[in-house]
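Notes follow once the structure below has been shown.
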Amino acid sequence: MSEARLKAPRGTFDVLGADAAARARLESVARRLLEQAGYSRIETPCFEASELFERTVGEATDIVQKEMYTFRDGSGRSLTLRPEGTAPVCRAYVEHGMHKRPQPVKLWYLSSFFRYERSQKGRYRQFFQVGAEALGSDDPALDAESITLLWRLVRQVGGRDVRLRLSSLGSPTARRAYREQLKEHLRAHEEQLSEEVRSRIELNPLRAFDSEHEGTRSAMRGAPVLLDHISEQDVEHFEEVKGLLDAAGVPYEVDPTLVRGLDYYTRTVFELTSEALGAQSGVGGGGRYDGLVQQLGGQATPGVGWAAGVERILLAADMSAPSEPPLDAYICLQLDRAAEGVRDGAAAELRRRAFTLLQRARSAGIAVDMEMAGRSLKGQRAQAARRGASLIVTVSEQATTLRDVECGEEQCLDDGELLHELVRRSSRRGTE
RNA sequence: GUGGGCGUAGCUCAGCUGGUAGAGCUCCUGGUUGUGGUCCAGGCGGUCGUGGGUUCGAGUCCCAUCGCUCACCCCA
């Protein structure tokens, strides 16, 4: 018998109505902001060789461990729906020899990503990210520019209660050494730690810094801090970035405990959060990834970039979506004997006339629609009103009339005159 | 994977201690209104998430299951 009705899979959603309009606005703000700064659009495939993510994101991360949508195609290749955007962009940089272009190469995207997770507010299995990547230079100005763009994007769409946190991870070696040091410190104070933190010493020692637990907090006061263990050049780089952000008037907080979820980050890392979001407070984040391109088989190429969740920006921004744009005109069909169906010759003839008019009016640049749902004349007028049309054309067997709703004028015209009148009246309105 | 809350019309919801399903909005039709969003009347629309159980009788009680949602974990 009847199956259960099909629904969008868990963690996915349809975009429509006001939500679609808000997204379109966000996209146009992002495009203007990023293209003005020299970023050009890139779209990479929805899926990539699984290896791309396994190698770059980090074997031990949750993403690779349990969140990837991985499948085999007809030839047995292992493919994965992209869980993030930086590795694919770097792959494209290498694949298209972009190191031969003038550096830095700046690219931006707005695409969907996939992670198999339990969904909740601001977290979905298919989600959208807007992101920007700048490759080919380790100039701290590029870091500062990247961060500033994320900051300005979120502010421009009306992001509320946003905070920017900033830190530096140094080199991967410094980071690894630090991690061991921290684990040692935690093990030395194990009896003070909360059970949860204790069970995560190996997996995620950095998390101990976020704990609210009394004993853990006191144990962490004496803990080593990564920022104190990075190289002199990295400190200098970080100082430059901070100075440039100060100069640009971008407010930030240095947070030495800031961690990012992906393995490839080096030096600068940052995260933008909003209190308006619920549990998933991260709106966007990113950092520098100086070893990534080389890891993918390219020349040693530094890079810096970020990604921000579209759904999260929208939650933080509370964008009042513009309503559907109104129509200039609506074409109604008036049949003498309404009882006769659409197969009736007269009705078909009427429809042909109206349809021709519709197409000619659209070619002339007028936003116009016509009745295509079999409504009564009253229903058609109501529909015209709903669509915001200020001009109503009524096509009947005897005549074609144009009524200007705003001034109440009504005139009987032939089709050529009608077109002129439509253009005249709708353009006059447009320029007012 | 774990825990809390919730599943009745397209949407928002009502339905008391079990008695055989309702309202508002939307949509359509007719009337009315200066041929337009008003007002009036009518209509379309639901195997009450699904499957069992208790009962003469279940939207209501019990069990299971699925879905949605929020949170943990983690992250955008």
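Sequence lines set the chain letters: A, B, ... in the order given, protein chains first and strands last, and positions in each chain run from 1. The basis for the numbers below is simple: all heavy atoms, side chains too, and nothing from hydrogens, waters or symmetry mates.
Formation of a donor-acceptor pair under 3.5 Å by the R115(A) side chain with backbone atoms of P83(A) is found in this model. In terms of modelled atom types and a separation under 3.5 Å, the side chain of E84(A) and the main chain of T86(A) share a donor-acceptor contact. In terms of modelled atom types and a separation under 3.5 Å, the side chain of R175(A) and the main chain of Y265(A) share a donor-acceptor contact. Using modelled atom types, one side-chain atom of R362(A) and one backbone atom of V368(A) make a donor-acceptor pair closer than 3.5 Å.
Only the C1' atoms considered, rC68(B) is 28 Å distant from rC16(B), to the nearest whole Å. Distance check on atom C1': rG37(B) versus rG3(B) gives 49 Å, rounded to whole Å. Nucleotides rC63(B) and rG22(B) have their C1' atoms positioned 29 Å apart, rounded to a whole Å. Separating the P atom of rG52(B) from that of rA14(B) is a span of 28 Å, rounded to the nearest Å. Annotation: rU35(B) and rU26(B) have their P atoms spaced 23 Å apart (nearest Å). Comparing the same atom, C1', in rU17(B) and in rU55(B) gives a spacing of 16 Å after rounding to whole Å.
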side-chain contact (heavy atoms from CB on, under 4.5 Å) between E133(A) and Y109(A), intermediate numbers included: CA-CA 9 Å; E133(A) 315 287 353; Y109(A) 55 83; 3.3 Å; yes
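Between I392(A) and K7(A), the residue anchored nearer the 5' end of RNA chain B, judged by the nucleotide with its closest heavy atom, is I392(A).
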Contact pattern, 5' to 3', of nucleotides 71-76 of chain B - B, S or - by protein heavy atom under 4.0 Å: BBBBBB
Listing time: all N or O pairs from protein to nucleotides 25-29 of chain B that are below 3.5 Å?
unit_1: rC27(B); atom_1: OP1; unit_2: R386(A); atom_2: NH1; d: 2.7
unit_1: rC28(B); atom_1: OP1; unit_2: R375(A); atom_2: NH1; d: 2.5
unit_1: rC28(B); atom_1: OP1; unit_2: R386(A); atom_2: NH2; d: 3.0
unit_1: rU29(B); atom_1: OP1; unit_2: S376(A); atom_2: N; d: 2.4
unit_1: rU29(B); atom_1: OP1; unit_2: S376(A); atom_2: OG; d: 3.1

At a cut-off of 3.5 Å, list every protein nitrogen or oxygen paired with a nitrogen or oxygen from nucleotides 7-11 of chain B, distance to 0.1 Å.
none

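E84(A) comes within contact range of no nucleotide atom at all, as no heavy-atom separation falls under 4.0 Å.
Once rounded to the nearest 0.5 Å, the distance linking CD of Q129(A) with CZ of R312(A) reads 9.0 Å. Here the CG atom belonging to L245(A) is positioned 9.0 Å from the OG1 atom belonging to T268(A), to the nearest 0.5 angstrom.
Ring to ring, F13(A) and Y124(A) are close: their centroids are under 6.0 angstrom apart.
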For RNA chain B, the dot-bracket pattern of Watson-Crick and G-U pairs whose distances stay under 3.5 Å, | for other-strand partners: (((((((..((((.....[..)))).(((((.......))))).....(((((..]....))))))))))))....
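Side-chain contact between S146(A) and F270(A) is present, with heavy atoms from C-beta onward closer than 4.5 Å. By the 4.5 Å heavy-atom criterion applied to side chains, L166(A) and V269(A) are not counted as neighbours. Two residues are said to be in side-chain contact when any heavy atoms from C-beta on lie closer than 4.5 Å; F114(A) and T80(A) fail this criterion.
Sorted by first then second residue, the salt bridge (Lys or Arg N to Asp or Glu O under 4.0 Å) pairs that include residues 408-418 of chain A, not counting sequence neighbours, are E409(A)-R425(A).
For R91(A), the side chain to side chain donor-acceptor pair (under 3.5 Å) test picks out E48(A), E95(A), with sequence neighbours left out.
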